[in-house]
Structures are given as structure tokens and as C-alpha cells.
Colleague: 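Below is the structure I would like to discuss, written out as C-alpha cells.
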Amino acid sequence: MNRTLITSALPYANGYIHLGHCAGAYLPADMYARFLRLSGEDIIYVCGSDEHGVAINISAEKENSTPKDIIDKYHSANHSAFQKFGMSFDIYSRTSHDIHHDTAKEFFADLLAKGYLLEKEEEQFYDNKAGMFLPDRYVEGECPNCSYDKARGDQCDKCGAYYNQIELKNPKSIVSGDTPIVKKTTHWYMQFNKFQEFLENYIESHSKEWKDNVVQQSRSWLKQGLTERAITRDLSWGVKIDKIPGIDKDKAKGKVLYVWFDAVLGYISMTKELMNELATNGLAKKEDWKKWWQDENTRYIAFIGKDNIVFHTLIFPAMLHAKGGYLLPDNVPANEFLNLEGQKFSKSRNWSIDLKDFLKDFPESHYIDALRYALAMSFPETKDADFTWKDFQARNNNELAAIFGNFVNRAMQFMFKNFNGKVPTLSEAYKFLPGDWNNLIDYFESTEIKDYEELFASVTEKLKRNMNENDFLLICSLWKGVKESSSAFRKFRFRDAVTEIMNVARAANKYFNDEAPWKSINENPEQCAKSLFVCVQLVHSLSILFAPITPFASKRIQMLFDMPVLTGAVDYKNKEANNWNFAAYPTIEEATKVMQPSIIFNKVEDDVIKAQIEKLGSFEEESAKPKEEYISYEDVMKVKLRTAKVIHAEKVAKSKKLLKLQLDLGKEKRQIIAGVAEHYAPEELIGKTIVVVANLQPAKLRGEESQGMMLAASTDDGKLCFVTPEKQDFPAGAEVR
RNA sequence: GCCGGAGUAGCUCAGUUGGUUAGAGCAACGGAAUCAUAAUCCGUGUGUCGGGGGUUCAAAUCCCUCCUCCGGUACCA
């Protein structure tokens with residue numbers, strides 16, 4: 001039996017999952033997992049919350065709670081949303097568990113012992129009052145580059161410059177508000193440069209079968225050359241390293257693993273956790289996690305979004321290789337990004353659909369199936385794709401409900417009304433049909449496919465004794481759908497797989513039309529019985545083929561028959577059967593009792609869609625207004641604003657956003673570099689009177705001196721307009737207050 | 001600016017290593033049918049394959065150049 005380990009990128013427990021995430025790393029993985037389970041493969045699908053990192057600390061402080069509260073909140077919210085969405089994780093755990101900490105520490109200890117980690121002493125800010133070092137965003141100060149006074153420790157939000165935090169001017173600890181002191185601290189660096197050649201070979205050995213975007217991005221990183229990267233931080237929240245064997249306890253005190261180092265190891269620790277759980281039920285041994293991570297017969301597939309590529313193609317593989325004995329990903333099928341109604345997902349603009357919100361508005365399982373289907377049909381497999389509500393509606397109404405749902409409904413209703421709720425019994429004239437159907441599929445299976453048409457034409461009359469052209473064509477379509485979808489799934493071409501499956505439902509509708517049982521029920525009841533017998537097989541087969549996409553609907557359909565339900569869900573006791581290929585065979589016996597069917601997919605009305613579209617971009621309740629801090633009158637007076645007339649404006653060479661403005665301030669002339677080139681053409685500005693900050697410390701931008709700052713209003717979504725005096729002919733150089 | 005990616009039918013997208021009249025689904029139009037949620041089935045495409053140039057017997061596909069869009073990165077005082 002083939003063995004496949006599947007993981008999806010661990011969602012960060014500091015926010016809610018939205019549809020973009022689902023389309024990127026989760027739904028494809030779930031479909032793949034369900035498909036493989038239905039194909040009789042031995043698989044586990046592992047995922048969970050990533051619960052460490054500075055951002056969680058900061059959120060906790062902002063919300064006046066603890067990191068534990070934050071991760072509990074988001075972990076349980078995301079876990080429950082995923083469950084309702086039909087995700088078939090074998091385990092959805094969290095990196096805050098002890099077993100994870102132990103696993104991460106073991107990796108660290110081993111890499112340390114092997115000499116892959118470098119200890120480096122560096123200067124960092126230390127808050128005496130709080131008694132802690134101040135990593136990244138724990139310190140604010142004036143940007144050394146642009147003098148912005150709320151610049152963070154690692155990067156300035158305003159100008160985007162990166163620098164070493166001790167370069168900040170007037171630094172302040174955001175913990176105590178005190179001015180921090182500079183103190184020496186030790187951090188550990190992983191020497192990724194030592195794996196450059198190994199990783200180049202690794203990437204090139206997969207360059208043919210991996211997606212282009214994945215290979216390209218990995219190559220691009222390798223081309224720049226891998227460098228040493230810090231893998232520890234001074235923080236109280238995370239995997240503590242001070243008790244690791246062989247480490248200097250004093251130096252390691254107060255240090256935790258940098259989140260990117262520990263998060264990817266979550267896949268391993270969660271696998272261990274799963275095996276421990278299964279062991280308590282006698283379904284596995286505790287040591288079995290090694291089978292999944294170290295046995296060469298296991299394939300490892302890591303599903304991610306494109307933002308995670310290098311972590312899974314370079315950094316994690318380097319870690320696994322350094323540790324030794326571990327499998328590297330066989331494939332990293334990264335999706336591109338999903339847009340929403342033509343724009344990027346954005347929480348701050350409320351341009352987003354959180355999974356939990358969808359589930360709240362559309363709690364019925366058929367809507368969840370519809371969402372899965374609509375997303376699957378627009379997976380960003382080769383390029384960024386777009387999700388629109390109208391597309392969701394059309395996919396549901398015109399395809400899922402009209403083609404698949406309608407076939408199931410018309411066939412089952414007809415049978416229920418005309419055959420007393422039982423699968424029709426075949427008459428003497430059709431008694432060979434089930435057997436020949438089986439033989440036909442066996443024949444197809446045993447033949448190499450060059451051309452479907454040719455293959456189908458090669459079937460002799462002997463193999464289809466009781467079949468007419470309709471029966472034969474339908475069986476061919478079914479088998480082709482089973483084959484082609486399977487091959488598409490294995491190539492991670494999910495949209496193609498779903499299309500192939502939908503084509504089977506189309507063929508089934510055509511069969512029903514061509515056989516016209518509503519006519520033959522009177523003219524030729526024996527043929528009518530046969531038609532319905534065939535249709536019932538198709539209903540069951542479709543429920544299996546659709547299971548990776550619409551597991552809830554598949555379950556409802558299969559519940560109509562008195563048979564085991566097969567949706568590719570987690571089931572450790574029934575692993576062997578290859579139900580995927582079995583879907584091509586007739587499996588429902590004559591005279592089987594069937595339950596009364598009901599409509600499977602309801603339509604989505606226009607007003608529902610309209611309401612959802614209107615919700616986008618608007619905030620339901622007034623979000624708590626950010627508290628503006630008051631400043632003193634003196635502070636205001638410190639800023640000298642003056643009117644200025646633009647004499648000349650031109651683009652700064654080789655820059656996208658910068659304009660060089662020559663200004664008349666009455667008594668003097670000045671040059672200002674302004675980042676407005678994307679909003680104003682130079683000639684639009686010439687002659688305008690604007691307002692500038694006159695006493696700003698001069699700075700150099702792109703080699704040009706800038707002596708002030710031009711006032712402009714801007715919105716979160718990037719609109720910008722400059723501020724002008726109400727009377728445009730107002731004298732230049734006038735003070736503004 | 002640099003590095004990636006993209007630009008194909010009204011819409012959403014396929015087009016594998018260059019090879020016959022460029023495809024699918026949806027929408028639109030015409031027809032058939034009335035078992036079924038007016039749901040189905042059949043038929044219907046004059047697309048400058050972003051523009052221009054080049055290589056080739058042959059280019060959506062390879063090369064050059066320009067334009068537009070999206071990421072990342074470097075300049076948003």
C-alpha cells in the first residue's frame with residue numbers, strides 16, 4: 001500500500017482563517033487526502049495552530065490579555081471552522097503542547113551538537129525596569145533613516161528601512177516606556193550557507209515535476225546565496241532553550257526559538273501526538289511516527305500558499321537534512337493567492353470573507369459543499385485567481401444544483417415513484433448487463449490508454465450483450481471520468497479533476513434524456529427498469545467521485561442506500577478498499593431498498609448574494625476608535641508649517657514613487673523629495689500652493705537632499721491628495737497654524 | 001529600478017517539450033424534450049492569443065523591445 005504524509009501550512013493563531021487561506025493550502029490538501037483515502041492509500045493529514053512568535057505577545061498586550069488567551073481563542077475558532085468546513089485532518093493540534101516543545105528542543109540540541117549552530121554575541125536593547133531584552137517590535141524610536149518617531153526595532157513602518165535596532169534614536173521600550181540600555185546578548189544562528197549545494201541539488205532534482213512558481217522562487221533564493229539566520233529571540237513566550245543539553249544556561253536564559261524554526265517542526269510533533277493517541281486505541285504504535293517521517297517508502301507532500309515556499313523548499317529541508325534520517329518533501333504544491341472580487345484580501349479594510357463568517361451566514365451543509373466546489377473550480381493553481389460572490393452563485397445554481405444535484409434528484413425521484421423505492425430488477429433481456437459492465441471496466445483497466453476513442457471502438461459486441469449505445473457510452477464516460485480525475489489529482493491539478501468529475505454527471509443527465517424512461521415506462525417497462533438500474537449505479541458512483549469536493553452531499557446520497565458511507569473521511573479500520581476505481585463498477589444490487597430522496601443542493605437567490613457583496617469593505621459596527629494620544633500645545637507649536645509654491649517638479653531618476661519639488665517659501669527656496677509620483681504627475685503640481693513642514697530635519701533620499709515634508713492626506717487603501725490653502729493665490733511662506 | 005509572475009472568447013480560466021482549421025466551463029442565441037429544483041439534452045464562436053520586430057517550413061508557445069497589471073525588494077520625510 002502506498003503511504004503518503006500530507007501537511008498543510010500551520011495557520012498562525014493570531015487571526016481567523018479566510019477563504020483565501022482555504023483555497024491556498026487547506027482545501028486542496030483535504031481533497032487530496034480524501035481522494036487518496038478513497039483510493040485505498042495509507043495516509044495521514046496533519047495540521048494545527050502555530051502558536052508562538054512576537055505577534056502573539058503583542059496582541060496579548062494590546063488586548064490586555066495573555067498569549068495563552070489569544071492562542072486559545074484563535075485555535076478553537078479556527079479548529080471549529082475547519083471542522084464545519086469538512087476538513088478531514090487526522091489531527092489538528094497546536095505548537096504549545098509539550099510534545100512539540102520537546103521535539104523542537106531535540107532538533108536544536110542535535111544541530112548544536114553537530115556544529116551547525118553559531119553562537120553570536122550582539123548588542124541589543126534591554127529594559128531594566130521590565131528586566132528583559134526587547135526584540136523586534138518591543139522597542140520604538142526615531143528611525144535612523146527618516147527620523148519617523150514611531151519606528152520599530154527591526155523596521156521603520158514609514159520608510160520601510162531595515163536596520164539594527166540599536167541605531168534607533170531616542171529608543172523607548174513599549175513594555176515600560178523607559179529608555180532601554182544597550183546590553184550584550186547571545187543568539188544562535190543556523191548556518192544555512194553550509195547547505196547551499198545540497199539544496200541546489202534537491203531543488204534541481206525536483207524541478208521537472210514541481211510547479212514552476214515553486215522552483216523559480218527557490219532558485220531565486222539560492223541564487224542570492226543562503227546566509228546564516230538567527231533562530232533564537234529574547235522572549236518569554238515560545239520554546240525555551242535554556243535546559244537544552246550542551247548549552248550555556250546563562251546565555252540561553254530568556255531565549256526562545258524564533259517562530260519560523262519551531263513552526264515547521266510542528267508537523268513532526270503533531271504526527272507523534274497522533275500516533276500516541278492512536279496507540280491508546282491500539283490502532284498504531286507510538287513509534288510509528290518514524291514510519292511517516294523516516295521510512296523511504298513514505299511520500300511527503302507539503303501543501304502551502306506561495307508566501308511559504310522557501311520555508312518548505314529550502315529552510316525546512318535544510319533542517320531535516322542537518323538532523324539526518326528524515327524525509328524531505330516530495331512535492332510542495334504551493335498555490336498562488338486568491339483575490340476577492342478583484343482585490344486582495346485585507347482584514348483592515350474588511351475586504352475579506354472569514355470562514356467563520358461564511359459558516360454563520362450559510363450554515364447548511366449544502367452551502368458548505370457549494371463553497372468547496374466554487375473554490376475548487378477557481379483554485380489559484382497557476383496564477384492568482386479571483387473569487388466573486390456571483391461566481392459562487394453561478395457555480396452552485398448552474399452547475400452543482402443543475403447538473404449533479406438535478407441528476408441525483410430526477411433519477412431517485414423517478415425510481416422512488418415508479419419502482420416502489422427499490423432498485424429495479426433486471427429482466428431476462430438485460431440479465432448480462434451487470435456482468436458485462438464489470439468485464440468492460442476490467443477490459444479497460446487491462447489496456448493501455450492511447451486514445452479513448454480508439455479504445456472504446458475496440459470493444460467487441462460480445463462484451464456488451466445487453467447494452468445499447470446509451471448504456472455503453474455512459475459506462476465509457478464514467479470510466480474515463482474515474483481515470484482522468486484520478487490522474488489529475490495525482491498531478492495536483494484539482495480544477496481539472498473536478499471538471500472531469502462534473503463531466504460524468506453531465507453524461508448521466510444525457511443518458512437519462514436519451515433513454516427517456518418517462519416514455520419507456522409505458523412503452524417498454526423492461527427497458528425502463530434497466531435505465532433506472534443504470535442510473536442508480538451512477539448516483540452511487542457520483543457520490544464517491546464527488547466526495548473529495550462535496551463530502552456532505554456525498555454522505556447524504558450514500559445514506560439513501562443501506563451501505564457503508566465512503567467520503568474519504570478519517571477511518572483507521574477501513575483502509576484497504578480502492579473505492580475510487582470501484583466507482584466505475586456497478587455496486588448497487590437489484591431490489592435494494594432505498595430511502596426517500598430529498599433535494600441536495602438548493603439555489604442561492606440574488607438578494608442573498610447582493611447582501612454579501614454589500615457587506616464587503618464596510619464595517620458592521622463602528623470599530624473602536626483608535627485612541628489618539630493628546631499632545632501639548634507646545635508640541636504643536638514645535639511644528640512649523642508654511643505655505644509654499646511649487647516652482648518646478650520632476651521625477652527622481654530611477655525611482656517609482658519620488659518626485660523632486662523646487663519650492664518657493666517666500667523668503668527662501670527649497671527642494672523637497674516627496675513620495676507622490678504614483679498619485680500626481682509633475683506638471684500637475686507646478687504652480688500649486690501647498691503646505692510643508694518647514695523645520696523638519698533634512699534627509700537624503702535616493703541621493704537627493706530633501707529639506708522638509710509636504711503635507712498630504714492619505715487613506716488606508718492608498719488614496720492620496722496633498723493639502724492646499726483654501727485660496728490658491730495665498731502668498732507663499734505664510735505660517736500655518 | 002531590480003527579481004519573479006501574468007496579459008488567450010462577454011466572464012473565469014486550460015493550452016504540457018513550437019506542428020494540422022486555438023480549447024473548456026459559464027453567460028448569450030436557436031432547437032428538442034417535459035421524469036426532475038424551468039432543472040436537462042443537442043446545435044451555434046469573425047478571439048488582431050497585450051503592441052511591435054525577429055528566428056523557423058511552422059510561434060499563443062523561442063529571442064528582442066515596448067505597454068499594462070500583480071507580488072517581492074530597494075527610495076514613500
Side-chain angles (χ1 to χ4, degrees), chain A residues 143 145-149 156-162 208 212-213 216-217 219-221 223-224 306-307 336-337 339 343-344 374 377-388 390-391 394-395 397-399 401-415 417-418 491 493 495-496 498-499 502-503 505-521 528 531-532 535 597-603 652-659 672-679 692-693 696-704 706-712 714 718 720:
Chain A
C143 172
N145 182 39
C146 71
S147 303
Y148 173 62
D149 66 351
C156 174
D157 280 346
K158 200 103 188 239
C159 69
Y162 287 99
K208 288 261 163 66
D212 219 39
N213 57 348
Q216 294 291 3
Q217 216 182 104
R219 278 182 184 155
S220 159
W221 262 57
K223 216 165 106 190
Q224 312 236 342
K306 71 172 166 186
D307 51 337
E336 303 283 315
F337 284 155
N339 288 328
Q343 295 178 44
K344 280 172 61 176
M377 286 302 263
S378 46
F379 274 159
E381 286 174 6
T382 53
K383 57 183 168 191
D384 288 0
D386 203 25
F387 177 88
T388 66
K390 288 211 163 138
D391 181 67
R395 294 283 186 200
N397 293 4
N398 304 336
E399 297 176 36
I403 299 171
F404 176 36
N406 180 48
F407 171 71
V408 173
N409 191 245
R410 71 199 292 208
M412 297 305 276
Q413 293 285 4
F414 193 94
M415 196 196 72
K417 281 183 198 158
N418 297 293
K491 285 187 250 170
R493 304 193 57 135
R495 282 198 312 234
D496 285 352
V498 179
T499 304
M502 190 54 93
N503 282 341
R506 289 196 171 89
N509 269 316
K510 177 174 167 50
Y511 178 81
F512 202 97
N513 270 32
D514 293 347
E515 285 283 294
W518 60 90
K519 276 188 194 160
S520 62
I521 185 83
C528 179
S531 308
L532 266 295
C535 284
S598 59
I599 301 267
I600 300 171
F601 297 107
N602 289 91
K603 300 217 163 174
V652 175
K654 291 185 181 177
S655 97
K656 196 157 78 181
K657 298 180 180 172
L658 299 184
L659 286 186
I672 285 184
I673 308 299
V676 296
E678 289 180 329
H679 301 90
V692 298
V693 179
L696 180 68
Q697 185 177 2
K700 276 205 169 178
L701 279 176
R702 202 95 208 158
E704 299 279 358
S706 182
Q707 305 154 318
M709 173 177 173
M710 164 181 177
L711 293 195
S714 64
L720 184 143

Colleague: For A:Lys603 and A:Asn397, which heavy atoms make the closest approach, and how far apart are they?
Modeller: CA-OD1, 3.4 Å
Colleague: Among all residues two or more places apart in sequence or in another chain, which pass the side chain to side chain donor-acceptor pair (under 3.5 Å) test with A:Asp496?
Modeller: A:Arg493
Colleague: Among B:rC26, B:rU37, B:rC35, which nucleotide sits nearest the side chain of A:Arg410?
Modeller: B:rC35
Colleague: Among B:rC26, B:rU40, B:rU37, which nucleotide has an atom closest to any side-chain atom of A:Ala394?
Modeller: B:rC26
Colleague: Could I get the full list of side chain to side chain donor-acceptor pair (under 3.5 Å) partners for A:Asp386, not counting sequence neighbours?
Modeller: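 Partners of A:Asp386 by the side chain to side chain donor-acceptor pair (under 3.5 Å) criterion come out as none, since no residue qualifies.
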Colleague: Going by the rule salt bridge (charged side-chain N to carboxylate O under 4.0 Å, His left out), which residues pair with A:Glu399 if we only count those two or more places apart in sequence or in a different chain?
Modeller: A:Arg395
Colleague: A:Lys306: what forms a side chain to side chain donor-acceptor pair (under 3.5 Å) with it, not counting sequence neighbours?
Modeller: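 Scan of A:Lys306 (side chain to side chain donor-acceptor pair (under 3.5 Å), adjacent residues dropped) gives A:Glu336, A:Asp384.
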Colleague: Which value, in whole Å, describes the distance between the P atoms of nucleotides B:rA39 and B:rC29?
Modeller: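 The answer is 14 Å between these two P atoms.
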Colleague: What nucleotide among B:rC13, B:rC42, B:rA33 has an atom nearest to a side-chain atom of A:Lys519?
Modeller: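 Selected nucleotide: B:rA33.
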Colleague: Taking the side chain of A:Ala401 as heavy atoms from C-beta outward, which of B:rG25, B:rU8, B:rU37 is closest to it?
Modeller: B:rU37
Colleague: For nucleotides 27-32 of chain B, print each protein N/O atom paired with a nucleotide N/O atom at under 3.5 Å, atom names and distance only.
Modeller:
unit_1	atom_1	unit_2	atom_2	d
B:rA27	OP1	A:Asn398	ND2	3.2

Colleague: Taking the side chain of A:Ile599 as heavy atoms from C-beta outward, which of B:rU37, B:rA36, B:rA6 is closest to it?
Modeller: B:rU37
Colleague: Got a sec, which residues hit side chain to side chain donor-acceptor pair (under 3.5 Å) with A:Asp307, two or more places apart in sequence or on another chain?
Modeller: none
Colleague: Which nucleotide wins on minimum distance to the side chain of A:Arg493, given the candidates B:rG25, B:rU34, B:rG15?
Modeller: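 That would be B:rG15.
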Colleague: If the condition is ring-ring contact (aromatic ring centres under 6.0 Å, His included), which residues does A:Phe414 pass it with, not counting sequence neighbours?
Modeller: none
Colleague: Ignoring the backbone of A:Lys417, work out which of B:rA36, B:rU12, B:rC41 is nearest its side chain.
Modeller: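 Of all the options, the side chain of A:Lys417 is nearest to B:rA36.
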Colleague: What pairs with A:Phe601 under ring-ring contact (aromatic ring centres under 6.0 Å, His included), at least two apart in sequence or on another chain?
Modeller: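 For A:Phe601 the ring-ring contact (aromatic ring centres under 6.0 Å, His included) partners, ignoring immediate neighbours, are A:Phe404.
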Colleague: In dot-bracket notation, what is the pairing pattern of RNA chain B, taking Watson-Crick (N1-N3 plus N6-O4 or O6-N4) and G-U wobble (N1-O2 and O6-N3) contacts under 3.5 Å, with [ ] crossing and | for other strands?
Modeller: (((((((..((((.....[...)))).(((((.......))))).....(((((..]....))))))))))))....
Colleague: For the side chain of A:Ala402, starting at C-beta, report the closest nucleotide among B:rU37, B:rC35, B:rA39.
Modeller: B:rA39
